[in-house]
Amino acid sequence: MCNTFKEWHTSAFLRLRLLVGLLFLLSVGANSSPTWDELDARTNPRWYDEAKFGIFIHWGLFSVPGYLSPWYQSYWQGHWEGPYGSWKQYDSFVNETERSNFAYQDYAHRFLAELYRPDYWADAFAKSGAQYVVLTSKHHEGYCMWNSTNIATTWNWNVMDTGPRRDLLGDLSKEVKKAVSPYTNRTLKFGIYHSLLEWFNPLYHHDMKNNWTTQTMVDLKVLPELYDLVKRYQPDLLWSDGAWEADSTYWKATEFLSWYGYNSSVAETAVWNDRWGTDATCAHGSYLTCNDRYQPDSFQERKWEDATTMDTSSWGYNRNATAQDFMSVKELIDQLIRVVAYGGNLLLNVAPAGDGTIHPLYIDRLMGIGEWLGVNGRSVYGTRPWSVCQTESDSNVFYTRSNESLFAHITQWPAESVLVLKCPHPSSRTKFRMLGLTEASLEWKRQMHTETSGFDVIRRFPDIAIALPKLTPDILPCHHAWVLEISEVENL
Ligand SMILES: *[C@@H]1O[C@H](CO)[C@@H](O)[C@H](O)[C@H]1NC(C)=O
Ligand SMILES: *[C@@H]1O[C@H](CO)[C@@H](O)[C@H](O)[C@H]1NC(C)=O
Ligand SMILES: *[C@@H]1O[C@H](CO)[C@@H](O)[C@H](O)[C@H]1NC(C)=O
Ligand SMILES: *[C@@H]1O[C@H](CO)[C@@H](O)[C@H](O)[C@H]1NC(C)=O
Ligand SMILES: *[C@@H]1O[C@H](CO)[C@@H](O)[C@H](O)[C@H]1NC(C)=O
Ligand SMILES: *[C@@H]1O[C@H](CO)[C@@H](O)[C@H](O)[C@H]1NC(C)=O
Ligand SMILES: *[C@@H]1O[C@H](CO)[C@@H](O)[C@H](O)[C@H]1NC(C)=O
C-alpha cells in the first residue's frame, strides 16, 4: 500500500496535471480577484455572532493510532521535535505497536468508523448548547473525510476509496443540519475545517521549491477540494488552516472566497475565518482566530473566535490523556462567559476515536455546559458585549447585554452573599433578577465606596450592593456561575 501510494503520488499526479488543470481553468475562468479589504467589508451573516458557542471536531486518520497528537505523521516521518513530543517517541511507539516497515498510510485500512453514529453526535452537540459544528474535512496529512471521488488528486486517500468506505462528513452534515438547539429553537449550522497545506504532498513541495511562483497544489488540489466541499455540502462556515508557509495570493484565497461569499448557493449564510495565508492570519476574514486557543483578555471590536480544546493534551483523540488533562465544566463555563463578554465565540474541540466513538469525558463536559446554558442561554445567545465596563472594575463579574437588559455573570459567589457592582448606574426602576429563579427582584441599595491610596481618599462614589438570594443546594438554579438580569440601567 505504502509503496504503490508513493509511486502513484509522484507519477500519476503529474500525468493528471495537464488534463485537470485545463478543465479547472475552463470552469473557473480568469476572474480578477477582489482585495481583502473588499471582502472584509462584507456584512457578516448574523447567525455567527448570535451563536456564541460551537463544536470543533478533529477526526481523521490520526484518530486511529490515537496517540499524542494529530501531528503524528509529521512528527514521526518529518523527524520533528515540538510541543507534542519528539519524533523518537512516535518512532518507538510504532516499533512497539506495529510490524516492521509499517507506513502511516497503513492506518487507513484500520480506519473503519464502525461505531460512528452521526445522529447521536448531533444530538449531543445540540444538548451542549452549541449552535454550530465544524468538522475536519482534511487535516495536514491530506486524508479526505468526504466523498471526494470526483477529484482525481484525492484518489485512494479518502474515506470512500480506503478505510470506512462511507461519507463520514456528508453523514454528519445531514444530521447536524436537522438538529434543533433546545435552547434557541434554531437548527444547527454546519461548518467545514480544511487544511490548505499537506505536509507530504509532492505538489505542495514542488511549489515550495519554486518559492511559491508555481500554483500546482492550489489549482489541482486545494481549489477543486474547496469548490467540491461547498457544492456538495453547502457549509455555512469554512475554517481554513495550514496557511503559515505561503501567502493568500499563492492560495488564490480572495478569488475563492468571493465566489463562496457572493456567488455560491450558501452565499447568504457563509462565514469564514482568517487563516488563508501568512498575510491573512489575524488580519482578514469574517472573523479572527489568530493563534490556536486565542484568548484576548479584553473586549475586541473585531469579531473573533477562541478555537480551543477541553483535552489540554491534544487536538486529536489521545489514548494517553488522563482525566486531569480535561478542563472541568466550571473552567469551560468561565471561559465561555469571558469569551462572549469580550466579543468572541467559543469553538470547543471534541476528538472522536477512529472507531467513531466519543469518549464519555467529552460528553460529560458537553452536558455540563448544556445544563448551564439551558438556564442562562438568554444571557449568552444573541447578546452583545457591554463595552461600558470591563472586569477591572467589577472583579469576577462579566457583562453582556441585550437590547433591553444588562446581564452580569457572577463567576464566584461573593462573600456574605452580597454582590457589589460599580459599573451599572441604576435608575429608580432598576430591577435585579437571577436567571433560573422565579422569585421577584432582589433587594439592592446604593452605598458609598471610597477609593484610597495610602491615607488619601482619591474619590468616593456610589456602588450597588445586591443581596443575592439565600440558596440551598435544592433550589440552586445552576452550578458554576450565576447570572443577574438587570433592567432599566441608565448607562446601558
Ligand atoms: C525503530 O525501529 C527501527 C528499525 O528497526 C530502528 O532503526 C529505530 O531505531 C527504532 N526506533 C527507536 C526510537 O527505537
Ligand atoms: C459519491 O459521489 C459520487 C459522485 O458524485 C456519487 O455517484 C456517489 O453516489 C456518492 N456516494 C455517496 C455515498 O455519497
Ligand atoms: C422554544 O420553543 C419552545 C416550545 O415551543 C418554547 O417554549 C420556548 O420558549 C422556545 N425557546 C426560545 C428560546 O425561543
Ligand atoms: C522568494 O520570494 C520572496 C518573496 O517574493 C523573495 O523575497 C525571495 O528572495 C525569494 N527567494 C528565492 C530563493 O528566490
Ligand atoms: C459571480 O457572479 C457574477 C454574476 O453572475 C459574475 O459576474 C462573477 O464573475 C461571479 N464571480 C465569481 C467569483 O464567481
Ligand atoms: C503518557 O502520558 C504521560 C503523562 O500523562 C507521560 O508521562 C508518558 O510519557 C506518556 N506515555 C507515552 C507512551 O507517551
Ligand atoms: C435590537 O435593536 C436593534 C437596533 O434597534 C434591532 O435591529 C434589533 O432587531 C433588536 N433586537 C431584538 C432582539 O429586538
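We count ligands from 1, going down the list as the structure has it; atoms in each ligand are counted the same way. Heavy-atom basis, side chains included; hydrogens, waters and symmetry copies ignored.
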Original post:
So, is Thr322 polar-close to ligand 6, with some N/O to N/O distance under 3.5 Å?
Top reply: no
**OP:** Run the numbers for me: atoms of ligand 6, each under 4.0 Å from some heavy atom of Gln89, listed by number.
**Re:** 14 (O)
Subject >> Pair Phe407 and Trp386, ring centroids less than 6.0 Å apart >> reply: no
**OP:** Could you please spell out the steps behind the ring-ring contact (aromatic ring centres under 6.0 Å, His included) verdict for Trp157 and Tyr143?
**Re:** CA-CA 5 Å; Trp157 203 226; Tyr143 183 81; 5.3 Å; yes
Original post:
Is the centre of the Phe111 ring less than 6.0 Å from the centre of the Trp59 ring?
Top reply: yes
Could you list each N/O atom of ligand 2 together with any protein N/O atom closer than 3.5 Å, one pair per line with the distance?
{"residue": "ligand 2", "atom": "2 (O)", "partner": "Asn147", "partner atom": "OD1", "Å": "3.3"}
{"residue": "ligand 2", "atom": "2 (O)", "partner": "Asn147", "partner atom": "ND2", "Å": "2.4"}
{"residue": "ligand 2", "atom": "2 (O)", "partner": "Arg232", "partner atom": "NH1", "Å": "3.2"}
{"residue": "ligand 2", "atom": "2 (O)", "partner": "Arg232", "partner atom": "NH2", "Å": "3.4"}
{"residue": "ligand 2", "atom": "5 (O)", "partner": "Asn150", "partner atom": "ND2", "Å": "3.4"}
{"residue": "ligand 2", "atom": "5 (O)", "partner": "Arg232", "partner atom": "NH2", "Å": "3.1"}
{"residue": "ligand 2", "atom": "11 (N)", "partner": "Asn147", "partner atom": "ND2", "Å": "2.8"}
{"residue": "ligand 2", "atom": "14 (O)", "partner": "Asn147", "partner atom": "ND2", "Å": "3.2"}

**OP:** Establish, from distance only, whether the side-chain atoms of Tyr48 and Glu305 form a donor-acceptor pair under 3.5 Å.
**Re:** yes
**OP:** Could you list the residues that satisfy side chain to side chain donor-acceptor pair (under 3.5 Å) with Asp325, not counting sequence neighbours?
**Re:** Thr322
Original post:
Going by distance alone, is a donor N or O of one side chain under 3.5 Å from an acceptor N or O of the other, for Trp199 and Gln77?
Top reply: no
**OP:** Record the part of Phe93 in heavy-atom contact with ligand 6 below 4.0 Å; permitted values are side chain, backbone, both and neither.
**Re:** neither
Original post:
Going by distance only, is there an N or O of Glu404 that falls short of 3.5 Å from an N or O of ligand 7?
Top reply: no
Subject >> Test item: Asp219 and Lys252 side chains (from C-beta on) under 4.5 Å apart, heavy atoms >> reply: yes
Subject >> Atom indices of ligand 6 within 4.0 angstrom of Tyr67 heavy atoms, with elements >> reply: 12 (C), 13 (C), 14 (O)
Original post:
So, Tyr84 versus Tyr72, ring centres under 6.0 angstrom or not?
Top reply: no
